[in-house]
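These notes concern the structure reproduced below.
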Amino acid sequence: MSLIEIEHVTRRFGGLLAVDDVTTRVEDGELVGVIGPNGAGKTTLFNLISGFTPLSAGAVRFKGEAITGLKPHKIAARGMSRTFQNLRVFPNMSVFDNVSVGAVGAMGQSAFGAVFGGARRSDAISARTWAALERVGLTAEAEELAANLSYGKRKYLEIARALAMEPDLLILDEPAAGLNDSETAELARFIRSLNAAGMAIMLVEHDMNLVMGICSRVVVLASGRKIADAEPAAVRADPVVLEAYLGVED
Amino acid sequence: MIDPYYLQQLAIGLSQGVIYALMAIGFTLIFGVLNVVNFAHGEVYTLGAFVGLLFITAFAPPFLVVLFVVLAAGAAMGVGLERIAFKPFRRFSDEASLKSRAMRESTLMSSLAVSIVAREGLEFAFGSQMQTLPFDYLINKPIELGPVTIVTGDVIIFAVAAIMLGGLQYMLTRTRAGLAIRAVSANPLGAKYVGIDTDRTIITTFALGSMMGAGAGILVGLYYGAIFPAMGFVPGIKAFVAMVMGGLSSIPGAVVCALLLGLSEGLATTFISSNWADMVAYGFLIVTLIFFPQGLFGAGRERV
Amino acid sequence: MTLTRHPLTRRTLVGLALAAPLATALAGTALAADPIRIGYQLPLTGNTAQYGQDFKTAAEIALARFNASGRLPVKVEIVFEDSRSDAKEGVTIARKFVDDPAIVGVLGDFTSGVSMASAQVYKEAGMPQLSQSASHPDYAKISEWQFRNITTQAGEGPYNAAWMLKKGIRKVALVGEQTDWGQTSVKYFADAFEAGGGKVVLTEYFNRGLPDFRALLTKIQRAKPDAVYTAFFYEDAANFIKQMKQLGINIPIYSTSAAHNQKVIELAGADAEGLSLTTNFMPSSPKPEVKDFVAEWVKVRGAEPGQFPAQAFDAVNIMLDAIVKSYPNVTRAKVRDALAATKDFPGVTGTTTFGPDREPVKQLMKVRIVNGVFTPIGE
Amino acid sequence: MSDFARKGWIGKILVLLLVFGLVPAALAFAGKGYFFQVANLVLIFALLAASLHLVTGAAGLLHLGHAAFYGIGAYVAALMGTDLKLGFIWGLPAAGLVAAAFAFVVALPTMRLVSIYFAVATLAIGQMINTVLLNWVAVTKGPNGVMLFSGINLFGFALKAPLAVYFVVAVLVSLSIFVLHRLSHSYYGNALRSLREDDQCADAMGVNTVRLKIEVFTISAFFAGVAGALWAYTTGYVSPNDFGFSTSILILAMIVVGGLGSLPGAIIGAVVLILLPELLRGLGDLRNVMVGLVMFFSILFMPKGLFGEVSALSLVRRGFGLKWGAAPSNREVGWQ
């Protein structure tokens, strides 16, 4: 049984087939990259998996159970967490509070518990939060307002928030967008370290070098269809991929 | 043959609706562009009526002159209102501040504060009673249309509302200024980047919207012969309701919904009772919101 | 750090803000030893401010005349407080009046609602309260401290019913504002009218300040009554009458003293012609006290006073009279007893006598608007 | 524990000392019913503002009908006290529960609405409830209002003295605000704030946004209902006029003046907007103009309110022992 099984997933927007019959899977501990030219349907695929966009056809199974049609928070609670392409931190909350929302989401917190509950639950939440902050190296900025962080640090903040959920599958949507080369290299090292610690990761990225450098397997989408699904070296040599990329990208 | 009674009630409901529509046009224009609720619109309406009243008592000019003076005063009020209650809170620096709820809420509150000051100031100056108007200026001479009686004001208000709506649609779609307004409405930052003077466009919008609000004030004041400081509250709420039902940014939608609102209130009075009529309007609103969350004529604006 | 200093200065500010009313109040009581004071709670701002402003003018006229007359060796002062017709404010003012030992009696409020909310405070504290306009049937029943000098609808309703029945009106449509006053007006009239053999064909309430009565008027027209009996104040009256004429509906309108105001004629003009109502105040009355009051009022306001200012004028004079009777040891209890003993007080709204239920016994008059003037009629 | 906890107690004791020591002492010293009335009013509105803070300040849902739930509470307490002869002990919880039940029913369909749509829906609901209070004469006695003569009776002791009434109100309001404080300054509060910031994103973090909104709307209405019961019992008379749109706006103005998103700010906003008109009584007719001007300038010059969220949060952490150190060594101290 794979961690996540994506089967014949299809999404139509009006007449447009944004994602067309894509089937793939991610095993435990795998680091899979999803690449493709602009408009290939990468982000839509992520939205379909994480429940943000309903499927037109197909099915998604996570840890062996169908999650098709579940609300995003239900899917998240099962151990899948994600970041967003266009950086969505909670700007008017502190870094610590931002990250704690991930922990709260995963562990649950009731109104009753907030009022009458003892310290045990909140201790567990703050432990998780600190652990996530430590992992991305943002402990020093814990009290800082998220809006005041630099762009790069906000990227890590968003990842920390996803990590605080202690997910089994982490979905990163273009984490390197807007970063310079050295920052991208740093991020690559960080992603690899997460994966080395045993976390399965799915990564959408524009930056071919990043994906090719760290992923154990690469899925290539073009116009909503999967055109390749193999190890980086094989993908690099695949004429179909070359054609798709050369045809569109400079 | 329809009972003339119901025809008459329909006519009354429609005339109410046209009055709400008159108010809703300016309200929606301002909302559609700035994405903020202008709580002071009701006070612009009231002030428009008072300016007209003062002008009438001082100079006794012809009706059209009164209307133009009031429109000019309304435009001035719009500019002033924008300067006082909106400009200081508008910081078009980046996407985040633009979408910021804080900005919307502070302008909501600042316009509310301005409206309190304006209303209480008027009350202080004029007292809260209805002002006496020269009868010659009232636009309520009956007109018999078969079994139905309407008044001159119905015709005038309908014509003015139609001109406003038509003129606005023409302006928004055919002129440079209108294009600028639409651009700012759709994407303020983008508009700024392509060289549109957003500040000026917003002021223009406020001037236009307030002009219509003030014009509505004097027309409705003369229609009922009732001008008093609190006169803007109820039509303000109704215009707000019509705007939301129409989908927040659609001016024709707001107008249609204002008509629906007037009709439904008229019917409520007919079949239930006058004091429960408000209930129907608000119930209508809730139903629209729940079943047509984008408004009846929404342009698909989401997460406003 | 700035972060910690800011809240501290703000706290100090808040502390000062809390201390300030305390200081002013203490200073206030210290100065207030000499003259006798009356509290007057009334709406000076807000939607009903026009009534409060009228009361204030009337009270000032009454007080100036009293202090000039030398009936008491000490001065009497009236403390006006603005209640905005808001119960929350009314209760706060009531507490404030009760706290001031120089205040021996209270006038007001305008609406029954606020008067009754405040009455709870006056009842507890033992403060005589005289309202010029609260007409809720339960108001005077709250305690022995509540008085009013306005005829309740328990009197006016049947009086009007008898009048209309005598005129041969059998079918009537009732319209009242959706307030406690409107409700009781309609109820007392309807009971008496139906007991007298008449028929109520339609009863409707409207929310005060309704701009458009036409839907309601059309409904009335359809019910084909002989007349409409209305419980509204002058502004709604003007709108109602004008729109009735616009629609070409010709049904006689009868109303209560609340609509007796020069402004009806001012606002509705010729349309107001024929409106019939009852009142206990006629500005055109030849009685000297009425003439004096009207002359003074015209000097200040430039127009004739209506029913409400006259009520307030009388209320102030009745209160002052009670103070004179309890002088020199003026206490709240003595003022109350003096008020309760008021008998045949000659006011501009006729003579006032308080019954054992602290309700006034007064004479009503019938008037109709003829040629733009409220004209007494003997029907 | 220890150090931080002790620090927390100092802040709490100071506030309690103010509410239960200093203020009543000053009130008793002045011996004025007027001040007691104003103090009770401040407390009641502090609770209203604090409960609205939870919905509008923390969760970011612009709520324009809060006064209606306050009104439901007041009517339930008053009608139970008069028609059913069930006194304060029953009336108070019933007021809260009925208001909460109404809010829950209302929330089910409306909580999916976003932003201004939600605001308008609450406005309409508030107006509808008010219309019912005014016009359903058979039950609410309509415009006549309800007179409640019984006063506060605690387990057979009728509390007449203004000081006793003040203490009852103060204890109940303090307890309620304590609960609201726990809700908003906790991880639960963080989840609420995430709704305000970006509810779609919060959803992706596993937060059940719709449920949370319904929950917080209901809780807020519960406390508004409690405030209503306190108003009914301290005034002895309720009428529909007191629970209209303008009251909703007044409560909203309180949390905005105080600083949107901050609980202490909401309370201070209530203190300011109740005391200010009283202080300005001397100005006569101009005082409402002044209130409008003060509101305007406070928004203009203090966009974060008297007590903005960020400074309020750090003050709460510092003053109430919730501060964590920057170093991970202190990590066991987070929200409590």
Side-chain angles (χ1 to χ4, degrees), chain B residues 31 35-37 39 84-85 88-89 91 101-125 127 233 237 240-241 243-245 248 273 275-291 293-295 298 301-304, chain D residues 56 60 62 64 106 108-110 112-121 123-132 134-136 142-143 196-200 245-246 249 252-253 255-257 260-261 284-301 303-305 309:
Chain B
F31 187 93
N35 220 346
V36 290
V37 177
F39 257 113
I84 294 171
F89 305 100
R91 285 171 283 266
R101 199 177 250 128
M103 181 198 101
R104 278 209 301 282
E105 261 145 27
S106 58
T107 54
L108 188 145
M109 296 310 292
S110 67
S111 65
L112 181 71
V114 168
S115 83
I116 292 176
V117 173
R119 187 172 59 242
E120 298 289 344
L122 271 180
E123 226 163 62
F124 181 71
F233 181 74
I237 294 247
F240 194 32
V241 169
M243 175 181 86
V244 173
M245 279 170 62
L248 284 179
S273 132
N275 53 335
W276 287 100
D278 279 350
M279 199 71 175
V280 175
Y282 293 123
F284 212 24
L285 174 70
I286 294 283
V287 169
T288 322
L289 282 175
I290 293 170
F291 295 106
Q294 303 304 314
R301 189 188 291 240
E302 210 188 342
R303 303 175 57 75
V304 174
Chain D
T56 302
L62 189 55
L64 297 178
V106 160
L108 284 178
T110 48
R112 286 165 206 281
L113 301 173
V114 292
S115 177
I116 197 80
Y117 291 103
F118 175 81
V120 178
L123 180 141
I125 287 161
Q127 296 291 86
M128 283 168 92
I129 292 175
N130 199 247
T131 310
V132 171
L134 181 64
N135 291 312
W136 195 16
R196 177 190 70 193
E197 300 291 316
D198 186 340
D199 57 352
Q200 239 185 342
F245 183 60
S246 55
I249 289 296
L252 185 64
I255 67 171
V256 171
V257 166
L260 212 54
D285 299 355
L286 267 176
R287 77 189 166 113
N288 298 304
V289 181
M290 295 304 294
V291 172
L293 285 177
V294 166
M295 211 170 116
F296 177 72
F297 285 115
S298 72
I299 303 162
L300 185 61
F301 295 119
K304 299 240 179 247
E309 174 175 7

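This is a predicted model, so every value here is computed, not measured. Each chain gets a letter, A, B and so on, in the order the sequences are listed, and its residues count up from 1.
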Option that, when pairs with chain D are counted at under 4.5 Å, heavy atom only, ranks first among V241(B), I116(B), V114(B), D278(B)
I116(B)
Bottom line for I237(B): the part with an atom under 4.5 Å from chain D's heavy atoms is side chain
Would a 4.5 Å heavy-atom cut-off, applied to side chains only, mark L289(B) and T110(D) as touching?
no
Relative to chain B, which segment of L252(D) carries a heavy atom at a distance below 4.5 Å: side chain, backbone, both, or neither?
both
Under a 4.5 Å heavy-atom cutoff, which of N135(D), V132(D), L293(D) has the most pairs with chain B?
N135(D)
Mind checking what makes side chain to side chain contact (heavy atoms under 4.5 Å, CB included) contact with L122(B), not counting sequence neighbours?
T46(B), L47(B), F50(B), F126(B), P229(B)
Minimum-distance pair of heavy atoms, taken over all atoms of A85(B) and S110(B):
O-OG, 2.6 Å
Once ring-ring contact (aromatic ring centres under 6.0 Å, His included) is applied, do any residues pair with F39(B), and if so which ones, sequence neighbours excluded?
none
